[in-house]
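Presented below is the structure to which this report refers.
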Protein chains: 2
Amino acid sequence: MSDYFTPGQVAERFGLTLDTLRYYEKAGLLREVERAPSGHRRYRTDDVELLHLVRCLRDTDMPIARLRDFAELVRDGDHTIPDRLEVLQSHQHHLNARIAELRERQDTIQHKIDHYLGVLAENPAPDERPLPPPGSGPAPETASAGEGS
Amino acid sequence: MSDYFTPGQVAERFGLTLDTLRYYEKAGLLREVERAPSGHRRYRTDDVELLHLVRCLRDTDMPIARLRDFAELVRDGDHTIPDRLEVLQSHQHHLNARIAELRERQDTIQHKIDHYLGVLAENPAPDERPLPPPGSGPAPETASAGEGS
DNA sequence: ATGCGACCTGGAGTGCGCTCCAGGTCAAGC
DNA sequence: GCTTGACCTGGAGCGCACTCCAGGTCGCAT
């Protein structure tokens, strides 16, 4: 029932390396972590919770610099909650926009896929050509008119 | 009615810099572009179309290396269409997964936002406090029990 | 003839986010 | 006492995707 976590445990839990964990601390994404007498870090529940959010924001591409600003707000105390809200909400908006963009791009890519499928359908490769009508001779070379991009 | 585009036109159209355009060419994302006698590049419709797709794939975070492979397939001719399809389809799957992940993370972030909103609601900042019930005295200091992360 | 703007080249530089490393300490187990 | 494994430090290095730069050419307008 330890009320702290070792670096190894935290790294494991969040799928980070020890190096990254230390890097985050140095970069100001976590408050300075407590130490055991040996000098080894001891992560508290608070640290782990903040790290959870940090991880979440990093995974959604918030830059380190912005994360540092956020972490600073957290360190500055409860009166910064409105500011933190603003950071998180603006990030949500950003994510909405990003998701919408990805979807749009997916549509474009899908058009290209459909185009290729169409090309294959009228001009299938030998090993996946549907059975030719019985009695037909050997297939002629299917000359395609250049690269349709 | 020119049947080609200048670097400036292409850059403008796709929101790229001339440097990036040249970088893409050097990196093998485009085939080698034709030149005017002056040595200036002349982009054909084909180039522009490929660039459109390249842009689309880059915007959705396909790495340059993978894009180069794809462009190579395009250069290699129509028989690579099944391979190109595989690249595009696997990218679509990747995008589906990415979008799903972003949504999940959004949920987590939203929980945090709601949490902060809750804190603000029970403990509003002075300048946004709802009117107190009539007859109440000055508000006591609202001591919060530490950082709720 | 001069100036201008668009473009050319090869190569160096930048910013980000890690990642790796050498050399060291500490606690526990054999 | 010695080894092992987890961790420590400061600092260098890396991969990616650009981005910038110096010095040059070309064609056109004044």
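Only this structure's heavy atoms are used, side chains among them; waters, hydrogens and symmetry mates stay out. So that the names make sense, note that chain A is the first sequence line, chain B the second, and so on, each numbered from 1.
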Practice item. Remember a base hit wins even if backbone is also touched, and classify B/R42 as base, sugar-phosphate or nothing at under 4.0 Å, heavy atoms. Key: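 Touches nothing.
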Whole-Å distance between [N] [atom2] and [X] [atom1]?
X	N	atom1	atom2	result
A/Y4	D/dC7	OH	C1'	13 Å
A/L21	D/dC7	CG	P	10 Å
B/E25	C/dT9	CD	C1'	12 Å
A/L16	C/dG17	CG	P	14 Å
B/E12	C/dC7	CD	P	11 Å
B/F5	C/dC7	CZ	C1'	18 Å
A/L18	C/dG24	CG	C1'	16 Å

Practice item. Applying side-chain hydrogen bond (donor to acceptor under 3.5 Å, both in side chains), run through A/Q92 and A/N96 and close with a yes or a no. Key: CA-CA 6 Å; A/Q92 292 287 65; A/N96 284 333; over 6 Å; no
**Study point:** Pairwise distance CD1(B/I81) to CG(A/N123) - rounded to 0.5 angstrom
**Key:**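 Rounded to the nearest 0.5 Å, the CD1-CG separation comes out at 8.0 Å.
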Review point. Rounded to the nearest 0.5 Å, how far does CG of B/D3 lie from OG1 of B/T45?
Key: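 Result: 7.0 Å between the selected atoms.
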Check your understanding: Along nucleotides 15-30 of chain D, 5' to 3', which nucleotides get a B, which get an S, and which get a -, given that the test is a protein heavy-atom distance under 4.0 Å?
Key -> --BBBBB----S----
Exercise for review: Using distance alone, with no hydrogens and no angle criterion, decide if A/R66 and A/S90 have a side-chain donor and acceptor under 3.5 Å apart.
Suggested key: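 Checked: A/R66/A/S90 side chains pair up, N/O donor to acceptor below 3.5 Å.
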Check your understanding: Do A/R55 side-chain atoms and A/F14 backbone N/O form a donor-acceptor pair below 3.5 Å?
Key ->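 Indeed, once roles are kept as given, a pair shorter than 3.5 Å links the two residues.
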Review point. Within less than 4.0 Å of OP1 or OP2 of D/dC8, is there a side-chain N or O belonging to A/R41?
Key: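 Yes.
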Donor-acceptor contacts under 3.5 Å from residues 23-32 of chain A side chains, at least two apart:
| from | atom 1 | to | atom 2 | distance (Å) |
| --- | --- | --- | --- | --- |
| A/E25 | OE1 | A/R41 | NE | 2.6 |
| A/E25 | OE2 | A/V33 | N | 3.3 |

Practice item. For B/K26 and for B/G8, locate the closest nucleotide of DNA chain C by heavy-atom distance; then report the residue assigned to the nucleotide nearer the 5' terminus. Key: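 On the 5' side of the pair lies B/G8.
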